[in-house]
Novice: 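Can you keep this structure in mind? I'll have questions shortly.
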Amino acid sequence: MSDDEKPDLIGQIKDKLVRTKEKGAEEGRFITGRPDLGHVNRLPPGQKEVKNWPVLDLGAQPDVKPEKWHLRITGLVENPLVWTLPQFHALPQEEFLSDIHCVTAWSRFDNHWQGVSSKVLLDLVKPKPEAGHVVFHSYDGYTTNVKLSVFAESNVLLVHSWEGQPIPREHGGPVRVVIPDWYFWKSAKWVNRLDFVAVDQPGFWETRGYHNEGDPWKEERYS
Ligand SMILES: Nc1nc2c(c(=O)[nH]1)N[C@H]1C(S)=C(S)[C@@H](COP(=O)(O)O)O[C@H]1N2
Ligand SMILES: [Mo]
């Protein structure tokens, strides 16, 4: 290749760089967690980035057959309901990229989730004014609690897919919760009931020494 065929090389590289940054900006629309921190520091204090996805749970991974799965919404709501998996898939779907921060000090960036947003759920069930907290109940007996305001964040999803594939059983399939702004113990796997309550009910780990909230940026690990 002669030199006059290359004068555009820098231009091409610049174009590519711009396209990459544009793509990043587009993808950034899906990162509603902390976009402001996206490129500055996405690793909360005391965390290490991992590329794999560790499995953590109480040891028993329930085998919830898709045709048996259901989600019940109970407690202080105008419209209590039960969803089967086909009904859940028929709801408006959303995709998000978000980071996982586990209290055991690993973080995994840019997980691509698909599922139903908490907003869609809240619009349908309509929490009563007294409802201040949500307690997640799972098929393995696990429970965890968040304030209703935390559940209502726009990046909170009930997910059925990760990286375009159904969530594997060990990671909480058919459906798990993802609350990206909190440590991952708040993201219930194998979820089967959301209970809206007036008085906070600390869950499995919250009654065993974990913090009641769990903001990784404040290192709310243990209480
Ligand atoms: N149902 C259920 N959900 C759960 C747990 C559990 O034991 N049971 N463990 C929690 C904890 S402590 C963590 S760190 C994450 C781990 O999710 P992962 O195994 O998909 O990484 O799930 C959370 N959700
Ligand atoms: Mo955890």
Side-chain angles (χ1 to χ4, degrees), residues 33 42-66 68-74 83 85 88 96-116 118 133-147 150-151 153 155-195 201-223:
R42 332 170 44 169
L43 197 62
Q47 297 292 108
K48 282 210 174 91
E49 189 191 350
V50 299
K51 296 288 185 188
N52 61 328
W53 187 8
V55 173
L56 285 117
D57 48 54
L58 304 177
Q61 298 172 344
D63 186 6
V64 186
K65 300 273 182 268
K68 287 278 168 66
W69 179 84
H70 58 264
L71 180 68
R72 281 196 298 145
I73 313 293
T74 61
W83 283 326
L85 206 54
F88 181 73
F96 271 92
L97 281 185
S98 66
D99 299 344
I100 297 173
H101 305 298
C102 178
V103 73
T104 59
W106 57 270
S107 293
R108 190 179 190 288
F109 294 155
D110 289 334
N111 299 275
H112 176 197
W113 309 107
Q114 286 166 279
V116 174
S118 60
H133 306 265
V134 184
V135 184
F136 304 99
H137 293 258
S138 297
Y139 280 94
D140 60 344
Y142 187 79
T143 56
T144 188
N145 57 308
V146 292
K147 286 199 188 98
V150 170
F151 180 66
E153 289 287 340
N155 57 2
V156 172
L157 296 187
L158 275 62
V159 303
H160 53 72
S161 295
W162 174 80
E163 308 300 335
Q165 300 294 326
I167 304 261
R169 172 179 169 184
E170 66 269 25
H171 286 298
V175 177
R176 76 172 297 163
V177 180
V178 172
I179 304 181
D181 288 348
W182 258 210
Y183 284 121
F184 213 34
W185 87 76
K186 294 289 188 185
S187 293
K189 311 205 276 192
W190 312 292
V191 66
N192 94 313
R193 183 159 75 98
L194 268 58
D195 196 24
Q201 288 175 21
F204 184 87
W205 285 118
E206 292 83 3
T207 53
R208 288 169 176 77
Y210 281 32
H211 200 283
N212 196 49
E213 315 239 349
D215 184 341
W217 295 92
K218 296 188 192 153
E219 285 210 70
E220 293 174 339
R221 296 174 190 274
Y222 309 106
S223 54

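Note that ligands are numbered from 1 as they come in the structure, with each ligand's atoms numbered from 1 the same way. Residue numbers count from 1 along this sequence.
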Novice: Does L56 offer a backbone N or O that forms a donor-acceptor pair with the side chain of K189 under 3.5 Å?
Specialist: yes
Novice: Is the closest N or O pair between D140 and ligand 1 shorter than 3.5 Å?
Specialist: yes
Novice: Counting only N and O atoms by type, is there a donor-acceptor contact under 3.5 Å from the side chain of E220 to the main-chain atoms of D215?
Specialist: yes
Novice: Find all atoms of ligand 1 within a distance of less than 4.0 Å from any non-hydrogen atom belonging to P54, and give their numbers and elements.
Specialist: 18 (P), 19 (O), 21 (O)
Novice: Tell me yes or no: between the side chains of H137 and T143, is some donor less than 3.5 Å from an acceptor?
Specialist: no
Novice: Give the atoms of ligand 1, by number and element, whose distance to some non-hydrogen atom of S138 is under 4.0 Å.
Specialist: 1 (N)
Novice: Hey, what's the ring geometry for W113 with W53, parallel, tilted or perpendicular (30° and 60° as the breaks)?
Specialist: perpendicular
Novice: Please determine whether a side-chain nitrogen of the Lys or Arg among K147 and E213 lies less than 4.0 Å from a carboxylate oxygen of the Asp or Glu.
Specialist: yes
Novice: Is a donor from one side chain sitting under 3.5 angstrom from an acceptor on the other, for E153 and S118?
Specialist: no
Novice: Would you say the side-chain atoms of Q61 and W190 include a donor-acceptor pair closer than 3.5 Å?
Specialist: no
Novice: What protein heavy atom sits nearest atom 10 (C) of ligand 1, and how far off is it?
Specialist: Y142 OH, 3.6 Å
Novice: For L56 and ligand 1, does the shortest N/O to N/O distance drop below 3.5 Å?
Specialist: yes
Novice: Which ligand 1 atoms does S187 reach within 4.0 Å, using its non-hydrogen atoms?
Specialist: 22 (O), 23 (C), 24 (N)
Novice: What are the atoms of ligand 1, with element, lying closer than 4.0 Å to any heavy atom of A188?
Specialist: 3 (N), 24 (N)
Novice: Output the list of atoms in ligand 1 that are nearer than 4.0 Å to some heavy atom of C102, sorted by atom number.
Specialist: 14 (S)
Novice: How far is atom 3 (N) of ligand 1 from its nearest protein heavy atom, and which residue and atom name does that atom have?
Specialist: K189 N, 2.9 Å
Novice: Using only atom types and a distance under 3.5 Å, with no angle test, would you say the side chain of Q47 pairs donor to acceptor with the backbone of C102?
Specialist: yes
Novice: Measure the acute angle between the ring planes of Y222 and Y210, then classify it against the limits of 30° and 60° as parallel, tilted or perpendicular.
Specialist: perpendicular
Novice: Does even one non-hydrogen atom of W205 get within less than 4.0 Å of ligand 1?
Specialist: yes
Novice: Taking both backbone and side-chain atoms of W190, is any N or O found less than 3.5 Å from an N or O belonging to ligand 1?
Specialist: no
Novice: If we ignore hydrogens and angles and just use 3.5 Å, is the side chain of N111 paired with the main-chain N or O of S98 as donor and acceptor?
Specialist: yes
Novice: Does any N or O of ligand 1 fall below 3.5 Å from an N or O anywhere on W185, backbone included?
Specialist: no
Novice: Are any of the N/O atoms in D57 less than 3.5 Å from those in ligand 1?
Specialist: no
Novice: Measure Y139 to ligand 1 on non-hydrogen atoms and call it side chain, backbone, both or neither using the 4.0 Å cut-off.
Specialist: neither
Novice: Taking distance alone, with no angle check, do H171 and ligand 1 share an N/O pair under 3.5 Å?
Specialist: yes
Novice: Among the heavy atoms of R176, does any lie under 4.0 Å from an atom of ligand 1?
Specialist: yes
Novice: Would L58 count as a polar contact of ligand 1, with the cut-off being nitrogen or oxygen pairs under 3.5 Å?
Specialist: yes
Novice: When you measure from the side chain of H70 to the backbone of K68, do you find a donor-acceptor pair of N or O atoms at a distance under 3.5 Å?
Specialist: yes
